[in-house]
Asks: 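I'd like to ask some things about the structure below.
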There are 4 protein chains.
Amino acid sequence: MSKITLLIHCPDASGIIASVTSFIYEHKGNIIYIDQYVDVENKIFFMRLESEFANNAEISVIKEVFRQNIGDRYQMTWQMYTAGAPLKMAIFVSKYDHCLYDILGRYKSNELDVTIPMIISNHENLKPIAESFDIPFYHVPVLKGKKEKAEARHLELLQKEKIDLIVLARYMQIIPPNLIKAFPNRIINIHHSFLPAFAGAKPYHMAYKRGVKIIGATSHYVTEELDAGPIIEQDISRISHSHSINDLILKGRDLEKIVLARGIKLHIARKTLVYNNKTIIFV
Amino acid sequence: MSKITLLIHCPDASGIIASVTSFIYEHKGNIIYIDQYVDVENKIFFMRLESEFANNAEISVIKEVFRQNIGDRYQMTWQMYTAGAPLKMAIFVSKYDHCLYDILGRYKSNELDVTIPMIISNHENLKPIAESFDIPFYHVPVLKGKKEKAEARHLELLQKEKIDLIVLARYMQIIPPNLIKAFPNRIINIHHSFLPAFAGAKPYHMAYKRGVKIIGATSHYVTEELDAGPIIEQDISRISHSHSINDLILKGRDLEKIVLARGIKLHIARKTLVYNNKTIIFV
Amino acid sequence: MSKITLLIHCPDASGIIASVTSFIYEHKGNIIYIDQYVDVENKIFFMRLESEFANNAEISVIKEVFRQNIGDRYQMTWQMYTAGAPLKMAIFVSKYDHCLYDILGRYKSNELDVTIPMIISNHENLKPIAESFDIPFYHVPVLKGKKEKAEARHLELLQKEKIDLIVLARYMQIIPPNLIKAFPNRIINIHHSFLPAFAGAKPYHMAYKRGVKIIGATSHYVTEELDAGPIIEQDISRISHSHSINDLILKGRDLEKIVLARGIKLHIARKTLVYNNKTIIFV
Amino acid sequence: MSKITLLIHCPDASGIIASVTSFIYEHKGNIIYIDQYVDVENKIFFMRLESEFANNAEISVIKEVFRQNIGDRYQMTWQMYTAGAPLKMAIFVSKYDHCLYDILGRYKSNELDVTIPMIISNHENLKPIAESFDIPFYHVPVLKGKKEKAEARHLELLQKEKIDLIVLARYMQIIPPNLIKAFPNRIINIHHSFLPAFAGAKPYHMAYKRGVKIIGATSHYVTEELDAGPIIEQDISRISHSHSINDLILKGRDLEKIVLARGIKLHIARKTLVYNNKTIIFV
């Protein structure tokens, strides 16, 4: 069996589902997943579909016919992914190690269908972790007034390894516009608050000061506006007056790890679509 | 616009989705919701679909054509609901009033698209509540050795008002097999534990004794085996050693109210399908 | 048995707990609850203590001795509550009825140890609900340019019935400073967002626009700065891209009801202390 | 400063709190945490207290005086812990690696104040993980008919390193009574269900079969009755009909990791007391 995952968005119209599913049927595909959503306000249709085909099916031909008969007809933006090589994922870190340990543990447990060709950091502190997990580590300092140099080095490394996805695992630097443009909706950040509350620096300190009873974490795609990109996943944890800022930081670590890991998994499984600075998450 | 909701289950086969969605398209319907699920183990296909049709569409004709062209072909068990008269819902209670107040409050707030032609109780205690909400109240005692008499009276009342759905809002009597058979997957009970833990009587006492850190509630369709019917919805609440049995009972009230209300809403919205003593919940 | 609940805050110092508990012991009290918290940053000590005394204990004498021997010595701000008449609670509403139904249902179920001498509204819509629950309803219009008149009427009504606690059950008017000053930390509001996210009007619309994956509700004491008072309780509910604004509003109703009810219960049970615009919640 | 943590349980009586806190005060201690709980049914008093003393305080003297003046007087079972060497924790594993990676990641991130002198396994599969984290790994096969041999080896290893706490990180063997007796309330297991639901083998399979809407995990102290020991911590995760058994297993991994880690942390921080097969958790 070969399998395809089809992601679509296009102007809403009658008959799209019938056209797509009939197309699959005519090409002897067996649909194993279908979910759709219509943004009523903006009249946009979104769909995710998984289908199995007999082994001898020529996916490249199917793809071309789909483009001509369906994609163009409905003015679709679409991707048809085949189960092929796993995504190449780069991890950016600074000094915090908990998210890095978590991702690498999951990676080694075969929980994440990726390869990790590199860990990039503006500090050298976490190099030993990279080494103990046998992952190449690149120290790229980000110095005041010399940020372009770092950016160039980042792009060079990422392109050399044909990186598909960048994960900011508590990376404490602003991502410059050029890097964002080179990886649109392909840079996932973990922010340690329940966005949009406490965007920016030191969210646990702000949460403590405000006296909230619940803290959160948010994984999102990185856009030029800080902490304002499309949200992929959020989760929360209860706190009380008796928790110090340090308690919040410690409690928050588990949130950050899980919310980031969920975001990564959704992306890898092609279950996210971005439109209008929001995500459609197919589950 | 007229709207239909279509619920299907049948042996899994290739082309079902294409057939159904093409059928809708050919009859000038606009699909506004589609979700499907395949029970891989038992090879059963499940689908829920909502479609709008132009106002002059003859749903009865569409229904008949669907039966002949699609339903029979795939050996479907299917219902096509049209937005018509709201469901008629009977509420059974005993002495606890919190679930009753909750349901009636939601009803008056137009949160539940039903009519409530009757509240039936084996006690008279809650009659004043029924009266203050202007709902007919029937006192049907369930006496030892005379349970058949109560059962007959129940069936008579339910049939007279053509009741569609029975809600057991902490009704403290076993439902007899005949009544269950007359309302298959149409009697919703709220059990005050996280089933299958603590089935049977006094679940809060058992939870206290076991020292669990979380309590729960479960809404489920009633089957002949006590507390073993298909689960519709569950939720939980954290507790600690410092909570007495009475604290659990009080905390549990909110769980019971919400989990029962969610179960009722899912049923009313035709979002539940039952197969093999489990529910498929389309959300 | 007679019971007292003692709430204390004072500058932190050595020996406070020993002094207070020894005082209770010497007066033949039996401590059944003690919890304390130290705000390390501000060096403030907080304590809640419940104690039972023999029936013939003269609480007024105990109170006076406590003042002289303990309270003054440690510069305490303290209240010693005796189990007496229940709090008098006024409910302010506008047109939304779900929180009102919820509170009145709980009240009738004996879940709230209060009396409710009045429901006040700037509209007449919910008068029938008040009547069906036998609660006096006062229609006090809040008209542009004549807000002082409404405020005067509010104060008059509240003072006449010696109201202890005001609950804003989705009351859609700003509370003026004078009313806040007359009821410091005794006005509880429910805000339909996870504060500080989405303060102000239309939080569900803002949540939808931002594409959050979780919505929340917050009960808090009212202060002059809008939606910025001390938070008593918060809770959340998961949402997805598929939920419309109206879905959020509907899902949020259950959150609002529960978070407001919890806030009311904590206040009634004397389990809240306010300091520095934050609450200490003794559980 | 030197710090003590005092854990007490004894028959309930008047004056215990006053006696203990006055004792601390007389010895110039500063109480920084106090929490107590009375099991009303069994008339047992429980307390946890943290206090700081001046650096030159002789804790051993304080301990002896406490025994004579307080402990014996109230027939207390008590421990007074001083901040000293971290606990020595052994980890038992079989073939599942996710909990092991999680614990070791936390350990390396300085989240767990322990030393880990050994990882013991009945299989060799996870040896490379132990090595990459520089932890001694002991392969102790548990063979049918030769279980006594494994048990003897376990006890030998544990005693040689003076192990304080055993963590069963998805160790798939029954712990024999002798080992339990040697480590009473010092063996923590993670069970992959919401106990008491689905005790025993294959809980995810049972959860799938029953059609529950929520799965859970439970960390508990090991007692002779399987999966029936005192519960330390539980948590849950929502599932739906669409999740396969394998999905439950994958989703459950995160639950298992977090619930086990929380259980370990509570134990290490001396925040657990066991009585009557239940835990008192001081938070």
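Each chain gets a letter, A, B and so on, in the order its sequence line appears, and its residues count up from 1.
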Asks: Checking an interface table here. Which of residues 260-281 of chain D come within a heavy-atom distance under 4.5 Å of chain B?
Replies: Arg262(D), Asn277(D), Lys278(D), Thr279(D), Ile280(D), Ile281(D)
Asks: Please tell me if the side chains of Tyr171(D) and Val93(D) come closer than 4.5 Å, counting only heavy atoms from C-beta onward.
Replies: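 Not touching, per the 4.5 Å side-chain cut-off.
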Asks: In terms of heavy-atom pairs under 4.5 Å, which option from Ala199(D), Ser242(D), Gly216(D) contacts chain B the most?
Replies: Ser242(D)
Asks: Using heavy-atom distances under 4.5 Å, tell me whether Glu41(D) contacts chain B through its side chain, its backbone, both, or neither.
Replies: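 The side chain, not the backbone.
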Asks: Check the surroundings of atom OH in Tyr96(D): do more than 12 heavy atoms from other residues, nucleotides or ligands lie under 6.0 Å from it?
Replies: no
Asks: What I'd like to find out is whether the side chain of Ile4(D) reaches to under 4.5 Å of the side chain of Phe66(D), using heavy atoms alone.
Replies: no
Asks: Can you confirm whether Met76(D) sits close enough to Leu6(D) that some side-chain heavy atom of one is under 4.5 Å from a side-chain heavy atom of the other?
Replies: no
Asks: Any sub-3.5 Å donor-acceptor pair from Arg238(D)'s side-chain atoms to Gln234(B)'s backbone N or O?
Replies: yes
Asks: Test side chain to side chain donor-acceptor pair (under 3.5 Å) on Glu50(D) and Thr5(D) and set out the steps.
Replies: CA-CA 5 Å; Glu50(D) 292 180 16; Thr5(D) 300; 4.6 Å; no
Asks: Looking only at atom types and distance, does a side-chain atom of Asp247(B) sit under 3.5 Å from a main-chain N or O of Ser244(B), one as donor and one as acceptor?
Replies: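 Present.
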Asks: Between Ser240(D) and chain B, with a heavy-atom cut-off of 4.5 Å, which part of the residue counts as in contact: side chain, backbone, both or neither?
Replies: neither
Asks: Please tabulate, one pair per line, all N/O donor-acceptor pairs under 3.5 Å involving side-chain atoms of residues 190-197 of chain B, not counting sequence neighbours.
Replies:
unit_1    : atom_1 : unit_2    : atom_2 : d
His191(B) : ND1    : Asp227(B) : OD1    : 3.4
His191(B) : ND1    : Asp227(B) : OD2    : 3.4
His191(B) : NE2    : Ser193(B) : OG     : 3.4
His191(B) : NE2    : Phe198(B) : O      : 2.9
His192(B) : NE2    : Arg170(B) : NH2    : 3.2
Ser193(B) : OG     : Ala197(B) : O      : 2.6
Ser193(B) : OG     : Phe198(B) : O      : 3.2

Asks: Under a 4.5 Å heavy-atom cutoff, which of Asp235(D), Asp39(D), Thr218(D), Val40(D) has the most pairs with chain B?
Replies: Asp235(D)
